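Down below is the structure, laid out as C-alpha cells.
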Amino acid sequence: MVDHMASAQTPCASSLNSTLPNNLLNSLQFSSKCYSMNIIMMQKAKESIDLLTFPYAWNVLSFPAGPPSQILKIGVFVKKWPHRSHAGGLERHALTLHLALAKRGHELHIFTTSSPNSTFPTYPFPNLVFHLSRPTSGGYLDQAVVWEQFRAQNSTGRPFDVVHTESVGLLHTRAKNVSNLAVSWHGIAYETIHSDIIQELLRSPEERQATMMTERAMKVVEEVRFFQRYSHHVATSDHAGDVLKRIYMIPEERVHIILNGVNEEIFRPELSLGIDFKRKFGISKSRSLVLGIAGRLVKDKGHPLIHEALKQIFMENNKFQQSVTVLVAGDGPWGARYKDLGANILVLGPLEQAQLAKFYNAIDIFVNPTLRAQGLDHTLLEAMLSGKPVMATRVASITGSVIVGPESGYTFSPSVESLKKTLYKVWNDGRVVLENKGKAARQRGLQLFTATKMAAAYERLFLCISREQYCKYQK
C-alpha cells in the first residue's frame, strides 16, 4: 500500500485524478512535476511496479514495517564516521541510515577511518561491527587496507549480500569488481557547476576571479566515465537522479532515487523545548519573529549573502531590527562576523542533536541560504519534521524535492535583493501564516523525509540487489 498524504491538490494532480488511485495521488500532491503516461496507465491497470525502473523517489512508496523478510549481511564504506556535532551531511546520512538498519536486525560491517585524537563512539548493537583504519594524508580511506579488510570479512561466514558505499568511500577501481554494490551520491560535479556560477555572480570586484570552471567541467567528464563502474546508484534528490540518467547516461534500471531522511523521534514539534531554549538564551517574548540558521558557517553555504541582506535590512528598517531575533547554530569563520550585526543576532556555536532539536522548536522559520546546489541538506528536513516552515535558495535539489510549492515555505534567488524581499515577506506574513506553513512542512516531512522511510527504501533496494524476487512492488 502507498502512503497517504493529505494536502491541497496541485493543478497537475487534479488533472490526474481520474486515472491515479487516491492513495498514490495523495502521496504525490506536493510533487512539482506530473507523472508520465506510462506510470499512469500502469497504476490504472493495477500492475506491479518494477522497482529498478521506478522513476520517482522510493520514499513515496510504503514498504512493510514488520521484521525484514531476510537478514542481510551488508558491507558499508564511509570515509569518516560522525563524532558528536562534528559531521557533514554524508556522515549524518551514514549514521542515521545504518543505525536504523542495525535496529532492523541486519548484520552491518562498517569500513571507516579512526582518528587517534578522539574516542570512537559505541552502540548497543552486536550486529554493528566497525573495521577501523588510519586515514590517508587527504583524510580518505586507505583503499588497499580497507579492501583487504573487506575481502577477509567477505570470506568469513557467508559473503556480503550487498555492499554500500557513501559516495567514493570505495573507489571505482575497486567497485568495478563488486556486482552487488550500491553507491549513494551526496553531491556530483555537474551540480557544483551551478554553485560556481552563483558564486562568480556574487563575487565582489576586489575578489579574485575563480579558475575552477574549466576544472569542474573536466571533473564532470571524469565522473561520466568512472560512474559507470558502480553497479547501482542512489540519488539523494530528484534532480540528481535526473542528471545521472540524462547527463551521466547511466541506464535507468541502475539509478534509484531515495531522498534523505532524519530521525523523526528526535526532530519533532515540542513547545516546551522551544520555551526552555529561549529562556536559556534570554530571547524576549516581545520579539515578533525568530529566524534560525544552522550548519557550517562558510562562504559556499551562503553566509556572506544573508549577512549582507540582514545588514542592509537592519540599516534601513529599525522596526525589523527591534522585532526580529536571529539564532545562528554552527561553526565556521562567519560566526564572528554575525556578531557584528548587533545584539539580536545570537551565535550559538555547534549544537548536539538534542540541543539542535530545541533550537528548531525555538524558531519561527528556518533559513538556509546555501550556494551549494548539490545533495539534499539535512537541516531543511530537520526543521520540517520539527514543524517549522523553511526558506531556502532556489536551486534544483531543493525546489525539486523539498520546497516544491508555497505551502511549506519560501524560496529566493541567490541575490541580496531577492533574499531581502523574501525576508520582508516572512516578516509581514507573521506567525499565524508561518505556523500554518509549518504544519504543512511537517506533514510533507513525515511522508518523505523520516529516517524510517529512508531506511525502509534502502532495505528494499538492498533486498532487491541481493535477490531479484524483491524487485517487484505490488501496490
Side-chain angles (χ1 to χ4, degrees), residues 51 57-65 67-68 70-84 87-113 121 123-125 127-131 141 160-170 180-187 230 232-237 240-241 255-267 353 375-382 384-385 401 445-466 470:
L51 288 172
W58 289 32
N59 307 59
V60 303
L61 305 172
S62 282
F63 300 104
Q70 177 187 343
I71 298 299
L72 298 170
K73 182 180 179 181
I74 306 170
V76 180
F77 292 87
V78 54
K79 73 172 185 178
K80 183 181 178 183
W81 192 255
H83 181 64
R84 305 186 71 175
L90 183 153
E91 290 83 18
R92 292 164 78 182
H93 176 270
L95 175 70
T96 303
L97 171 60
H98 297 109
L99 285 186
L101 291 173
K103 288 180 182 178
R104 295 276 293 162
H106 297 291
E107 178 185 344
L108 285 101
H109 293 261
I110 314 290
F111 301 92
T112 189
T113 58
Y123 305 96
F125 303 111
N127 52 323
L128 181 64
V129 183
F130 289 91
H131 304 275
L141 286 171
F160 287 109
D161 295 297
V162 66
V163 181
H164 180 221
T165 174
E166 300 280 3
S167 290
V168 292
L170 184 65
N180 59 339
L181 180 141
V183 53
S184 293
W185 296 114
H186 300 276
Y230 292 91
H232 291 273
H233 301 254
V234 179
T236 58
S237 73
V255 177
H256 322 292
I257 302 169
I258 302 178
L259 306 176
N260 287 343
V262 297
N263 192 327
E264 65 270 31
E265 296 179 3
I266 295 175
F267 300 105
Q353 272 199 336
L376 200 63
D377 200 306
H378 287 75
T379 58
L380 289 169
L381 314 184
E382 292 166 352
M384 291 175 74
L385 280 171
S401 299
L446 288 172
Q447 295 298 322
L448 295 176
F449 304 128
T450 67
T452 300
K453 293 287 293 188
M454 176 182 68
Y458 271 95
E459 180 181 79
R460 187 59 176 269
L461 173 62
F462 293 166
L463 286 166
C464 174
I465 291 173
S466 67
Y470 295 109

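Please read these numbers as outputs of a predicted model, since none were measured by experiment. Because only heavy atoms are used, hydrogens play no part in the values below, and waters and symmetry mates are left out as well, while side chains stay in.
Checked against His109 for a side-chain contact (heavy atoms from CB on, under 4.5 Å), the options Val76, Val163, Val129 give a single hit: Val129.
In this structure, Leu90 and Ser167 have side chains that are in contact, with non-hydrogen atoms separated by less than 4.5 Å. The side-chain heavy atoms of Phe267 and Met384, taken from C-beta on, include no pair separated by under 4.5 Å. For the pair Val262 and Phe449, the minimum side-chain heavy-atom distance is 4.5 Å or more.
Between Glu107 and Ile71, the closest heavy-atom pair is N-CG2, 4.3 Å. Across all non-hydrogen atoms, the minimal contact from Gly75 to Phe160 is N-CD2, 3.3 Å. Of all heavy-atom pairs between Gly375 and Ser237, the closest is O-CB, 4.4 Å. For the residue pair Leu181 and Tyr230, the shortest heavy atom distance occurs at CD2-CD2, 3.5 Å. The heavy-atom pair separating His256 from Leu51 by the smallest distance is ND1-O, 4.3 Å. Residues Leu376 and Ser401 share a closest heavy-atom pair of CD1-CB, 4.0 Å.
Between Tyr123 and Trp81, the two ring planes are perpendicular [angle over 60°; tilted spans 30° to 60°]. Ring geometry for His98 against His164 counts as tilted: the plane angle lies between 30° and 60°, on a 0 to 90° scale.
Rounding to the nearest 0.5 Å gives a distance of 8.0 Å between NZ of Lys80 and OG1 of Thr113. Going from atom CD of Glu459 over to atom OG1 of Thr452 covers 11.0 Å, rounded to the nearest 0.5 Å. Summarising the geometry, atom CG belonging to Leu380 is positioned 11.5 Å from atom CG belonging to Leu385; distances are rounded to the nearest 0.5 Å. Note that the CH2 atom of Trp58 and the CG atom of Leu259 stand 12.5 Å from one another [nearest 0.5 Å].
For Asn180 (side chain) and Asp161 (main-chain N/O), a donor-acceptor pair under 3.5 Å exists by modelled atom type. At distances below 3.5 Å, at least one donor-acceptor pair connects side-chain atoms of His106 with backbone N or O atoms of Leu72. In this structure a side-chain-to-backbone donor-acceptor pair under 3.5 Å is present from Lys453 to Leu61. Here the side chain of Arg92 pairs no donor or acceptor atom with the backbone of Pro82 at under 3.5 angstrom. Between the side chain of Ser184 and the main chain of Glu166, no donor-acceptor pair closer than 3.5 Å is present. Judged by distance alone, with hydrogens and angles left aside, the side-chain atoms of Thr112 form a donor-acceptor pair with the main-chain N or O of Val78 at under 3.5 Å.
For Gln70, the CD atom counts as densely surrounded, since its 6.0 Å shell holds more than 12 non-hydrogen atoms of other residues, nucleotides or ligands.
For Tyr458 and His93, the distance between ring centers is under 6.0 angstrom.
His233 and Trp185 share a side-chain donor-acceptor pair at under 3.5 Å. Looking only at atom types and distance, the side chain of His186 has no donor-acceptor partner in the side chain of Thr236 under 3.5 Å away.
For Asp377, the side-chain hydrogen bond (donor to acceptor under 3.5 Å, both in side chains) partners two or more places apart in sequence, or in a different chain, are Asn368, Thr379. Under the side-chain hydrogen bond (donor to acceptor under 3.5 Å, both in side chains) criterion, His378 pairs with no residue, sequence neighbours left out. For the side-chain contact (heavy atoms from CB on, under 4.5 Å) test, residues two or more places apart in sequence or in another chain that qualify with Ala102 are Leu108, Phe125, Asn127, Leu128.
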Problem set entry | CA sep, side-chain torsions, deciding dist, call: Ile258, Asn59, side chain to side chain contact (heavy atoms under 4.5 Å, CB included) | CA-CA 6 Å; Ile258 302 178; Asn59 307 59; 4.0 Å; yes
